[in-house]
Amino acid sequence: MSLGCSSGGELPVGVTQGGGVADPGPPSEPAPNVIRLPFLVDDHFVPNGCFGDGYCTPAVLDVDSRGCIDPPAAVQGVCRRYTYTPVTVGAPGYEGYVGILFQDVGPNGESAIGKVPGVPVQAGAKRVTFWAWLGAGSLEVNFRAGGANNWDGVTDDKLPYRDTFGVPGDVMLDTEYRQVVIDLTGVTYHDVVSPFGWAIQTKELADPPASIELYVADVRWE
Amino acid sequence: MRSSRAALGLLFLALLACRNEDAYLGGSHEAYRCQTRCELAQGVPSDAGDWFFNPVAELGEAPQIVYPLSGAVHPRDLSQLTVQFRRGRSDFQVFRMRVEAVDSGVGYDFFTPCLAIHADGCRYMLQGALWNNARAELLGKAARLTVTGATALHGVLKTSAAVALDVVESSLGNKGFYYWTTVPRYSGNAEPETGIYRLPFGADQAEPFIMPSTKTNGRQCGACHSVSRDGSTIAFTARDIDGGPADQRSGSLVTTLTARPENHLIETTTPGTYDSSMMALSGDGKRVLVAYDEQLVLRSSESGFRTGEVIASLTKAELGGKIGYFPEFSPADDAVVLTLSDTPDSAIAVQAGDIAVIDVDLAGSTFGKPRIVVPGTDDLFHFYPTWSPRGDYIAFASAPRGANPDGTKRKSYDQKLARLRLVRSDGTGDVYELANATQREGKWSTYPKFAPFQSGSISFLTFNSKMSYGLIQDNDAKADSDRVAQLWMSAVDPTKLPADPSSPPIWLPFQDATQPGHLGLWTNDVKCRTDVPGTGCAFGQKCVQDVCVVEPK
């Protein structure tokens, strides 16, 4: 009985006849401040970049990190329930949408979009994956990888920080769990301000619901 | 809907099965077959099992397990364990976590990528059906955990040093646990939700219970608390922070049935009145012993019987000229253990202290003379005593007296040098260090509380500490002021005495590792609330005979 390595009798590339492997040794390590792939977004970022209706007061958008009733079995990351209570048309603070960007916390506690610096992330990410569903009904949700101070290409140059990329992932959700993939193939980046975010628009809905429960779990960069 | 969700989950968590044995046939090996004791996590190739028949790498580092701590005792009732490890070689692509009881041939494999934490760290949470099965099969067996990294299908691999772990029956399932923590809210610059949370043990998450500026607590703060062992009653000190005295000599006693915390038995008195700092409820919740203003006061918290009235009191003179702090009733309610101090620091902290026991007759509302169990010395002071489930031992914290680097006197509160210790409750014998639980001085390991339930010779001791939780909460890499206290639990087995009877602790997985956790207290159960709509239990639980129990997944 051999303890050599083969899955079928043919010596694989890099394995010598004697069973040894031509191991060049490990490559050099990435810089310690670079987030390596894959990672759970919640391990490095927080959902602190809110924008839209009602100045994002808790009455408009409640972020509940303990609010998931029965997340998919395989999730490793945090599951959150976002409860959006749209501001009525014409009321103070009405924008017709709300959204959240995950960001780092600025060196002085900053959380406003455009004021939080990016974090270096290892190059070569292929996708962002996550689970999402609604508490009731169905609705399109605009997910994003990147897009901080660069949502749909709109940038405020007066703000110091922005993402250099913004990859959309617009998905129709309902109450069924759905694993969503945002393809990052071909996207280049170095510092990432917001690895993930979402927005819900009620402006164009004929009959906006009084309240929307969005569940998002296990956001990963891979 | 649930079935379709389950099916979707299976799509992305390819549960195959493994024989957990190398199957080499005539110089090649049969493809690894993952069967009932194997799991492939998202992000690993379907042939990941075959990556681990490779030769061992000669170059580079092996993975290193950082959490769990070797020798830790894991109650079967805890359904999650997040393994954290340093990845070793930077080109390891897939990792195999193997949990096995070598002597009995039971082994489980979990294949995962490195979900990156820290600079070179990885995490993977053991959970779900396979981990449930593993805990059941490993119960009572000497198990070990290893992590092996592999570079490629035909690459090289290297295995970590093994970490010992024991899975034991605990009888903790669905017992009540109350603790203080904060929950960030993120939106709109909202302040975090801070207060007393609770859960039946085994639940994934705690629910907010006594929260400031709500019907459960009309004042701004409520941290010091006690819960009766039968789970029926909670007591706490309600305080307004703004404008109060700096030494915390303020606050009003509140008691309430846990089934209806918005309807208080003892309500706060007029603002500015000081009648509570720390307190202990009797096992049935009908009496509360309150420590404040250099006295101990026994009050009725019994509905319909002199509710709120002072029944008896003990003055400083009756306590031998010392002040009573941190009381706790014995399991039989026939004694109180507490700290006696002649050098107080504030209303909630001491700079010197003995551990003492006072016999109590609650029926007659009488107290005996204090009996010193562990005297303080010029060098050492003692605080936060707690009874073992059978009342035969007392665990407590000790710290060296003296001055901090800034010249202030060391105190019991937030004490960096606190360590956990154990003594027989009759004061005979030695004082034993719970060094495995403490994990070295300088970690703020303090506020021990025994779970009042015993499994064989083992009982469980929870405490808060600022030791590192693996790499996820790397306190050891932080400045003192940035460390975050977390709740931990150690198994204590007095049959091991005079050797250290404590095990290295486990981190309690219902916490948010980014938020502080303090003041954990145990009860027999969690009562269903009757003052709110619905079942009166948090999601994932159901109310059975007035008690919240965790629903199996």
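The structure presented is a predicted model; accordingly, all values stated were derived computationally and were not measured. Letters A, B, ... mirror the listed sequences (proteins, then strands); counts begin at 1.
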Exercise. Is the centre of the A/W221 ring less than 6.0 Å from the centre of the A/Y189 ring?
Worked result: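 Yes, they do, as the ring centres are separated by less than 6.0 Å.
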Problem set entry | chain B contacts, top residue of A/N48, A/D64, A/I100, A/V46 (heavy-atom pairs, under 4.5 Å) |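 Counting heavy-atom pairs under 4.5 Å, the top option is A/V46.
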Problem set entry | Choice from A/C68, A/A31, A/G49 maximising heavy atom contacts with chain B below 4.5 Å |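 Winner by heavy-atom pair count: A/C68.
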Exercise. Do A/D23 and B/R89 have side-chain heavy atoms sitting under 4.5 Å apart?
Worked result: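 When only atoms from C-beta onward are counted, B/R89 and A/D23 do touch, with a gap below 4.5 Å.
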Under 4.5 Å from a heavy atom of chain B, the part of [X] involved:
X	value
A/Q76	both
A/R80	side chain
A/D218	side chain

For this session: Check each atom of B/Q80 against the heavy atoms of chain A and say whether the ones under 4.5 Å are side chain, backbone, both or neither.
Result: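 Contact with chain A: none, neither part.
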Problem set entry | Residue B/A129 versus chain A: region with a heavy atom under 4.5 Å |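 Contact with chain A is absent: no heavy atom of B/A129 under 4.5 Å.
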Problem set entry | Cystine candidate B/C114-B/C122, SG separation under 2.5 Å |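 Taking the criterion (SG atoms under 2.5 Å apart), B/C122 and B/C114 satisfy it, so yes.
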For this session: For the cysteine pair A/C50 and A/C56, state whether the SG atoms are less than 2.5 angstrom apart.
Result: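 A disulfide, yes.
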Problem set entry | B/S90 side, atom OG; B/E61 side, atom CD - distance, nearest 0.5 Å |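 Between B/S90 OG and B/E61 CD, I get 11.0 Å after rounding to 0.5 Å.
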Exercise. Would you say the side-chain atoms of A/E110 pair up with the backbone N or O of A/V116, donor to acceptor, closer than 3.5 Å?
Worked result: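 Side chain of A/E110 to backbone of A/V116: no pair is present.
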